[in-house]
Amino acid sequence: MRPAARILETRQVASFQCLSAECEDTCCDGWALPVDQQTYEKYRDCDDPAWRASFDKLVKIQPAPTPLDYARIHLNSTTCAFLSEGLCAIQNRFGEDYLPYACIAFPRIRNFVDDAMEVSLDLGCPEATRLVLLNPDPLQFLEKPADGRDYAMVRAGLIDTTQESTPGKPHRYFIPARAFVVRLLQNRALSISKRILILGLFCNKLQEMALRGEESQIPDIIQAYDEAIPAGSFDPILAQVGANLPLRIETIVELILTRITTEFTNKRFLESYREFMQGLSWGDGTSMDQLGENFLAAHTRYYQPFIASHGHIFENYLVNYANRGLYPLGPQASTYGLGEAQIQRSLHESFILMAAHFSIIETLLVGMAGFYKEAFAVDHIIRAVSTATRTFEHSTTSPDIVLKALSDKGLNSVGGAAVMVSV
Ligand code: SF4
């Protein structure tokens, strides 16, 4: 990994503070808890006999240890064995220096792009979600000089724009491409669904050009998109695609059921799902057409009036998504396993996944708005976003399952994304 000469981070990263026992969630709930080698060695050499015995019993070396994932902490049911009344017993006894790197880092996500280390927040943490989503100003990276700290243990995605691009992945143009994506996602003259669909057209175009060996023309295409958007040139294409609420609801429910019946699921996500079902008056024998009508009514009466005055929430969600995942190209390499799937994913697949993750959250929220009616509020959005992020984005298997399900339903296109994000 190259040393970082600069650090790019958002204001929200700088102001983040863990709520610890005051938090409404537990960040180690349902996680595999990796312990890096340096921290494992501290546990092994601990001079408190009772604690050393606990570490021996509850922290086991992995079958194929790596420096970052050297050992794992035992889970009591679904939570860390060292969690006690909402507090970390290791931190209480020994301080932050004894925490595994993964625990110290969360919810900060680090990526390296050339000489810069970019730091974003993972929205699996409700406090990070509040900071990122509720800020009414456009989310942006601010630059500061390198802090001289050793980031060798960082779990990070890596991009080196001086390297040759791989087929379909024009990483040499990552910086202008991502800048365009952020500009588009922050274009408040467009609805959120229109921003997402134009993004889909852009990703497909970039992929096509890269596969045809035309990547040197990417700056011209970005300029053409910048000019075409205010001129409304995409309107005729977007007029040909649109909503199908019964299909959208059926697809989202299938994705949720597949996920919650196969892996551990955060109970606050299940609470949101129950509220969604009740908010749409979902009972035995309710037809998909009826659910589509109930969804539209909840959207019109409760969701849309609220979200119309909180447009920055989903804009910030999408920009944060783009920043933390090195969107739209994803990393070229990573220091940890989860990044491998992102490295392999095509531009088109990454777009479909972003649209699906947005749709899961928005669809849930419309049902929740139907449940809470006039009392629908920001707290419900924070719960839905943070728990859906944990449920779908922290899972190593879910992204591929989502992509396959959408492909099987013929929804893996910009037109399919229109079904998933339109009303
Ligand atoms: S979820 Fe966030 S605020 Fe809550 S304990 Fe974890 S890091 Fe702290």
Side-chain angles (χ1 to χ4, degrees), residues 9-36 39 58 68 72-111 118-135 139 149 151 153-156 263-272 313 316-317 320-321 323-325 336 338 357 361 364 377-396 398:
E9 66 178 26
T10 59
R11 268 187 228 292
Q12 291 70 27
V13 172
S15 55
F16 174 78
Q17 287 202 318
C18 173
L19 300 181
S20 193
E22 304 299 315
C23 180
E24 64 264 53
D25 218 320
T26 307
C27 45
C28 43
D29 191 18
W31 271 13
L33 295 163
V35 178
D36 52 277
T39 306
L58 299 172
L68 279 174
R72 291 280 171 101
I73 297 180
H74 174 76
L75 300 181
N76 277 340
S77 174
T78 60
T79 51
C80 175
F82 292 104
L83 192 69
S84 170
E85 296 178 0
L87 287 172
C88 171
I90 299 178
Q91 182 165 12
N92 257 356
R93 170 66 178 80
F94 299 101
E96 200 174 83
D97 276 359
Y98 260 60
L99 292 183
Y101 187 80
C103 297
I104 299 173
F106 185 79
R108 296 163 196 85
I109 303 273
R110 293 186 168 88
N111 290 304
E118 300 183 352
V119 196
S120 312
L121 289 174
D122 184 317
L123 301 193
C125 161
E127 177 62 1
T129 307
R130 266 186 287 277
L131 286 171
V132 171
L133 299 195
L134 303 187
N135 161 42
L139 195 68
R149 286 170 62 188
Y151 289 99
M153 297 305 290
V154 161
R155 292 154 61 91
E263 283 184 69
F264 166 81
T265 307
N266 177 290
K267 62 180 184 304
R268 296 172 69 249
F269 178 80
L270 297 176
E271 189 186 333
S272 301
I313 287 184
N316 290 338
Y317 168 80
N320 191 70
Y321 190 107
N323 285 344
R324 58 176 279 232
Y336 67 115
L338 192 60
H357 286 153
I361 291 169
L364 269 181
V378 151
D379 284 353
H380 307 126
I381 299 179
I382 300 303
R383 166 155 51 94
V385 171
S386 62
T387 60
T389 299
R390 284 176 180 225
T391 302
F392 287 93
E393 294 184 46
H394 289 185
S395 161
T396 50
S398 173

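Counting convention: from 1, in listed order, for ligands and their atoms alike. Because the structure is a prediction, the values reported are computed rather than measured.
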(message) Donor-acceptor pair, distance only, cut-off 3.5 Å: does the side chain of Asn111 make one with the backbone of Arg324?
(response) yes
(request) Please check if the side chain of Arg110 supplies one atom and the backbone of Ala156 the other of a donor-acceptor pair under 3.5 Å. (result) no
(message) How about CZ on Arg11, more than 12 heavy atoms from neighbouring residues, nucleotides or ligands closer than 6.0 Å, or not?
(response) no
(request) Determine how many protein N/O/S atoms sit closer than 2.8 Å to atom 6 (Fe) of ligand 1, leaving waters out since they are not shown. (result) 1
(request) Could you list which atoms of ligand 1 come closer than 4.0 Å to a heavy atom of Pro126? (result) 1 (S)
(message) Using the rule given for side-chain hydrogen bond (donor to acceptor under 3.5 Å, both in side chains), can you reason through Ser272 versus Arg383, listing the C-alpha separation, both sets of side-chain angles and the distance that settles it, and then say yes or no?
(response) CA-CA 8 Å; Ser272 301; Arg383 166 155 51 94; 3.0 Å; yes
(request) Check whether any side-chain heavy atom of Tyr101 sits under 4.5 Å from a side-chain heavy atom of Phe106, and report yes or no. (result) no
(request) With Asn266 as reference, evaluate Asp25, Thr387, Thr391 under the side-chain hydrogen bond (donor to acceptor under 3.5 Å, both in side chains) test and give the passing residue. (result) Asp25
